[in-house]
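Throughout, residue positions are numbered sequentially from 1 according to the sequence presented. Because the structure is predicted, anything quoted here is derived from the model rather than measured.
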Amino acid sequence: MSTDQALRDATRRWARRRNRLIAYGQWQPFVDAEPARQHVLAIRTNTGMSLANLAAATNVGIGTLEHLIYGCSGYPPAAQIRPESASALLAYWPALDDYIDGAVIDATGTRRRMQALSAIGWAAPAVHQRINFVNVRTVANLKGRELVTARVARAVRDFYQAVSGSPAETHGVAAVTAKQARSLARRNQWAAPSAWDDDTIDDPQAIPDWTGHCGTDRGWWMHTSQKLPMCEACQNAHEAWKAEHRVLPREEYMSALFLARAAASTRGAEIAHDGRELMRLGCTTEQAADRLRISKEYLQQELARHPAEQVAA
């Protein structure tokens, strides 16, 4: 098929679609350009993206974007825009790697990652040795920052991805330094990496899943038995459980309470099994406890409660 024939076929398809939508009362060739324009301006303000990069990211033509923002041939910025172009622009928001280094962004993910690193033994000076383009005081303050530059956020994200799967000691951090970092995390009730999902750690509305059952009554019992900081979701779930069962006679209420506690107690045998497996692979007791996000004392307690023979049976 020749180029001219292809163009004629495309024109006919477009005309047929236009006539069909007009007949259905659905023909809307243009929409108000202002929402798309404000969205593009917000992106450029926050990220410093050029129109060319934005065009490549959204598949909206550079000419359309220039007309939207600056106007064209002496005419003011566009008052209307094609609906498909508006939809493409409004659906796009840049990822972290799209921001320029100096862009100031929300620090939720950076703050949580730094807190989680502390929970597995990374003190600020140890992190600073790996992220050394800012001073050590700035690194320490990241655990409480509300805003951060994109360059720092990317550095923390990449470092976290590289080391968060194992205790800090396995990366050369001194045991005494790691112990101090963990103590700081415990005092502040900071969640370890295992409590966060990579898909939600940057979401301000997300909560850490300390137990694997957070947001349920079982999660409340696991918090209690493992001496983990109590999260609001589990506290609310336990209060809801009590309110739901409070209408029962006292004996039935206490029976239901004991059953709920027993359902969570099977976690002890699982911890003992997983702890032995980690130690078989070369982890110390403290390292295994870190991987399981529990205290060394709690792991030792469950190992004693559930001997290897009993777990195997």
Within the 4.5 Å heavy-atom criterion, are [X] and [Y] side-chain neighbours or not?
{"X": "Q287", "Y": "T170", "answer": "yes"}
{"X": "H171", "Y": "I120", "answer": "no"}
{"X": "K179", "Y": "V176", "answer": "no"}
{"X": "V148", "Y": "M114", "answer": "no"}
{"X": "L89", "Y": "L65", "answer": "yes"}
{"X": "V60", "Y": "Y92", "answer": "no"}
{"X": "D209", "Y": "D197", "answer": "no"}
{"X": "D98", "Y": "W93", "answer": "no"}

Would a single hydrophobic cluster contain both [Y] and [X], if residues Ile, Leu, Val, Met, Phe, Trp and Tyr are joined by side-chain heavy-atom contacts under 4.5 Å?
{"X": "V31", "Y": "L68", "result": "yes"}
{"X": "F258", "Y": "Y253", "result": "yes"}
{"X": "L41", "Y": "I105", "result": "yes"}
{"X": "Y160", "Y": "L96", "result": "yes"}
{"X": "I131", "Y": "V136", "result": "no"}

Any side-chain to backbone donor/acceptor pair from [X] onto [Y]? Under 3.5 Å, distance only.
{"X": "T200", "Y": "D203", "answer": "no"}
{"X": "N188", "Y": "W190", "answer": "no"}
{"X": "R82", "Y": "F30", "answer": "no"}
{"X": "R130", "Y": "A126", "answer": "yes"}
{"X": "R111", "Y": "G144", "answer": "no"}
{"X": "H128", "Y": "A124", "answer": "no"}
{"X": "T149", "Y": "G102", "answer": "no"}
{"X": "R37", "Y": "A78", "answer": "yes"}
{"X": "S87", "Y": "P83", "answer": "yes"}
{"X": "R112", "Y": "P208", "answer": "no"}

*asked:* Hydrogens and angles aside, do T138 and N135 bring a side-chain donor and acceptor to less than 3.5 Å of each other?
replied: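 Short answer, yes.
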*Ion pair present between D202 and R113, side-chain N to carboxylate O less than 4.0 angstrom?*
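The answer is yes: the pair qualifies as a salt bridge.
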*Is it true that D101 and R154 make a salt bridge, defined as a side-chain N closer than 4.0 Å to a carboxylate O?*
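Counted as a salt bridge, because a side-chain N and a carboxylate O are separated by less than 4.0 Å.
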Hey, could you give me the [atom1]/[atom2] distance between [X] and [Y], rounded to the nearest 0.5 Å?
{"X": "T58", "Y": "N53", "atom1": "OG1", "atom2": "CG", "value": "10.5 Å"}
{"X": "I271", "Y": "L299", "atom1": "CD1", "atom2": "CG", "value": "7.5 Å"}
{"X": "E232", "Y": "C214", "atom1": "CD", "atom2": "SG", "value": "12.0 Å"}
{"X": "Q115", "Y": "T110", "atom1": "CD", "atom2": "OG1", "value": "11.0 Å"}
{"X": "L278", "Y": "H273", "atom1": "CG", "atom2": "NE2", "value": "10.0 Å"}
{"X": "T108", "Y": "E146", "atom1": "OG1", "atom2": "CD", "value": "7.0 Å"}

Could you pull out the closest heavy-atom pair between [X] and [Y], with the gap in Å?
{"X": "N132", "Y": "Q129", "answer": "ND2-O, 4.0 Å"}
{"X": "A181", "Y": "A123", "answer": "CB-N, 3.6 Å"}
{"X": "P94", "Y": "M49", "answer": "CB-SD, 4.1 Å"}
{"X": "L303", "Y": "M279", "answer": "CD1-CE, 3.6 Å"}
{"X": "A192", "Y": "A116", "answer": "C-CB, 3.9 Å"}
{"X": "A288", "Y": "G275", "answer": "CB-O, 4.2 Å"}

*Please report the C-alpha distance between V40 and R44 in whole Å, then the side-chain angles of each, then the deciding distance to 0.1 Å, and finally whether the side chain to side chain contact (heavy atoms under 4.5 Å, CB included) criterion is met.*
CA-CA 6 Å; V40 169; R44 300 193 72 199; 4.2 Å; yes
*Mutual orientation of the aromatic rings belonging to H238 and W221 [parallel < 30°, tilted 30-60°, perpendicular > 60°]*: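 Because their plane-to-plane angle is over 60°, the rings of H238 and W221 count as perpendicular.
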*Which of parallel (below 30°), tilted (30 to 60°) and perpendicular (above 60°) describes W122 and F159?*
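Answer is perpendicular, since the angle exceeds 60°.
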*asked:* I'd like to know whether M230 forms a side chain to side chain contact (heavy atoms under 4.5 Å, CB included) with T224, so could you lay out the CA-CA distance, the side-chain angles of the two residues, the decisive distance to 0.1 Å, and finally the verdict.
replied: CA-CA 8 Å; M230 184 62 66; T224 303; 3.8 Å; yes
*I would like to know whether E239 and W220 meet side chain to side chain contact (heavy atoms under 4.5 Å, CB included); could you show each step before the answer?*
CA-CA 10 Å; E239 294 300 325; W220 187 92; 5.9 Å; no
*Using the side chain to side chain contact (heavy atoms under 4.5 Å, CB included) rule, take N59 and E84 through it: C-alpha gap first, then chi angles, then the decisive distance, then the call.*
CA-CA 10 Å; N59 289 321; E84 56 269 22; over 6 Å; no
*Look at atom CZ of F133 and say whether more than 12 heavy atoms of other residues, nucleotides or ligands are closer to it than 6.0 Å.*
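Above 12, so yes.
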_Please check if the number of heavy atoms outside R12 that lie under 6.0 Å from its CZ is greater than 12._
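Result for CZ/R12: enclosed.
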